Amino acid sequence: MSKRRIETEVIHGGAMPMILDSVSMPIFQSSTFAMHKESSYHDLKYIRLNNTPNQTVLAKRIALLEDGEAAVVTASGMAAISAVLLSTLRSGDHALALQGLYGGTHTFFSDELPGLGIEVDFVDGNNPKEWANKIKDNTKVFYAESITNPLLEVVDLEAITKFSRDRDLVSIIDNTFATPVFFKPLSIGFDVVVHSCTKYLNGHNDIVAGAIIANQELVQNSTAMLNHLGGSLDPHACFLLERGMKTLPLRLRQQSHNALALATFLEEQPQITKVHYPGLPTHPAHERAARLFGGFGGVLSFEIEGGAQVADELLDEVSIPTLAPSLGGVETLIVRPAASSHLGMSAKDRSAMGITDGLIRVALGIEATDDLLEDFAQALSKRGSVAA
Ligand SMILES: *Cc1c(COP(=O)(O)O)cnc(C)c1O
């Protein structure tokens with residue numbers, strides 16, 4: 001049979017054991033399981049060792065969505081990212097990482113890894129000459145993101161995989177923003193995919209979770225590290241994530257539809273000076289995104305005339321979006337990154353990344369498109385003219 005489409009795989013993929021004729025996967029709320037002469041510590045069936053029924057069924061399904069050989073689910077996106085980095089980098093090693101990474105990942109590289117003897121250089125994702133200048137004999141990893149936050153950049157991902165292959169680096173990509181519905185990084189040569197499943201994969205703003213997808217060996221190494229760090233996902237969260245994933249393609253279709261509609265509307269408004277969304281033909285990497293991705297995702301950001309103060313007034317005036325960090329859920333969320341996701345970063349680092357104090361990020365939910373557009377129009381109309 002030909003390979004099934006992702007809409008079918010999220011419902012039927014993986015080897016879900018039918019237990020007492022149950023159509024959906026029951027929750028195995030048991031921390032420990034009977035032994036059967038296991039010879040390795042990592043094979044003892046125990047929730048922290050990431051091998052109990054809800055964890056393994058879910059991991060199989062996630063591996064399938066990313067066309068990966070294996071996967072492990074983790075207690076959060078940062079648990080996935082820290083476990084994979086700590087298992088691929090040792091004291092004395094060096095990594096290249098994109099500028100403009102997710103704030104938590106950026107500070108993990110800049111604040112935690114140097115204390116363990118691991119160096120990092122942040123590089124421009126569109127400048128292979130700079131990568132060649134910064135690579136060293138001890139460089140082991142190239143770390144990237146499919147779509148960056150909050151400026152929605154899509155860097156030269158194909159050049160990163162080629163560069164990494166040619167120099168034997170492990171290439172790792174955070175695919176949280178694009179999701180496997182729109183992009184499968186392993187198919188263009190990345191070695192490891194990580195996810196914050198907190199976001200689109202779960203999609204309901206009600207758990208934190210993560211995943212690592214790669215070949216057997218890399219997943220085994222990451223799992224051994226995860227087993228020691230203790231970042232395992234509990235069975236109830238596994239159940240919620242597995243349930244949420246079944247509607248991933250449906251949700252994402254509406255979210256990216258809403259994002260394109262709002263981006264197009266905002267771009268026409270005289271008060272809005274800049275809109276960042278890879279689905280807009282004016283986006284600098286629109287052509288690359290259109291070629292690599294099946295869609296452009298559900299997040300956009302924009303700048304409004306008047307800076308932080310006016311931006312905060314707009315956040316007060318919209319009624320559907322909730323002022324909250326995070327993204328990917330069914331509810332539309334809105335934030336000013338300088339006052340939320342990137343608050344942990346110095347103002348100097350922020351402005352070097354292009355994140356101005358007046359930048360607003362919107363993570364679209366699945367509400368009716370026209371209700372969202374009308375809400376933004378009424379909020380903007382309090383400040384001046386609104387183009388239809
Ligand atoms: C949220 C997020 C993370 C961190 O995930 P948690 O589940 O909060 O630990 C990592 N990368 C990206 C791109 C994110 O959006």
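Keep in mind that what you see is a predicted model, and the values were worked out from it rather than measured. All ligand and atom numbering here is 1-based and tracks the order in the structure.
Annotation for ligand 1: atoms under 4.0 Å from non-hydrogen atoms of F177 are 13 (C), 15 (O). For ligand 1, the atoms sitting less than 4.0 Å from at least one non-hydrogen atom of I81 are 10 (C), numbered in the order shown with element in parentheses.
Here the CD-SG distance, from Q55 to C238, works out to 5.0 Å after rounding to the nearest 0.5 Å. Here the CG atom belonging to L373 is positioned 11.5 Å from the CD atom belonging to E367, to the nearest 0.5 angstrom.
Scanning the protein heavy atoms around atom 5 (O) of ligand 1, the nearest turns out to be S196 OG, 3.0 Å. Nearest non-hydrogen protein atom to atom 9 (O) of ligand 1 is M78 N, 2.8 Å. Counting protein heavy atoms only, atom 6 (P) of ligand 1 is closest to G77 N, 3.3 Å. Of the protein's heavy atoms, Y102 OH, 4.0 Å lies nearest to atom 8 (O) of ligand 1. Distance from atom 15 (O) of ligand 1 to its nearest protein heavy atom, with residue and atom name: K199 NZ, 2.8 Å. Annotation: atom 7 (O) of ligand 1 to nearest protein heavy atom, T198 OG1, 2.6 Å.
Other residues, nucleotides and ligands place no more than 12 heavy atoms under 6.0 Å from the CZ atom of R243. The neighbour count for E287 CD, taken as heavy atoms of other residues, nucleotides or ligands under 6.0 Å away, does not exceed 12.
For H195 and Y200, the distance between ring centers is not under 6.0 angstrom. Remark: aromatic rings of F183 and F293 are close, center separation under 6.0 Å.
Ring-plane geometry between F33 and F28 is classed as tilted, the angle between the planes lying from 30 to 60 degrees on a 0 to 90 degree scale.
At a heavy-atom cutoff of 4.0 Å, ligand 1 is contacted by no atom of N149, backbone or side chain.
In this structure, of T176, I147, D174, the residue bringing a heavy atom nearest to atom 11 (N) of ligand 1 is D174.
For a threshold of 3.5 Å applied to N or O pairs, the pair formed by V208 and ligand 1 contains no separation below that value.
For the residue pair D43/N51, the side-chain donor-acceptor check at 3.5 Å is not satisfied.
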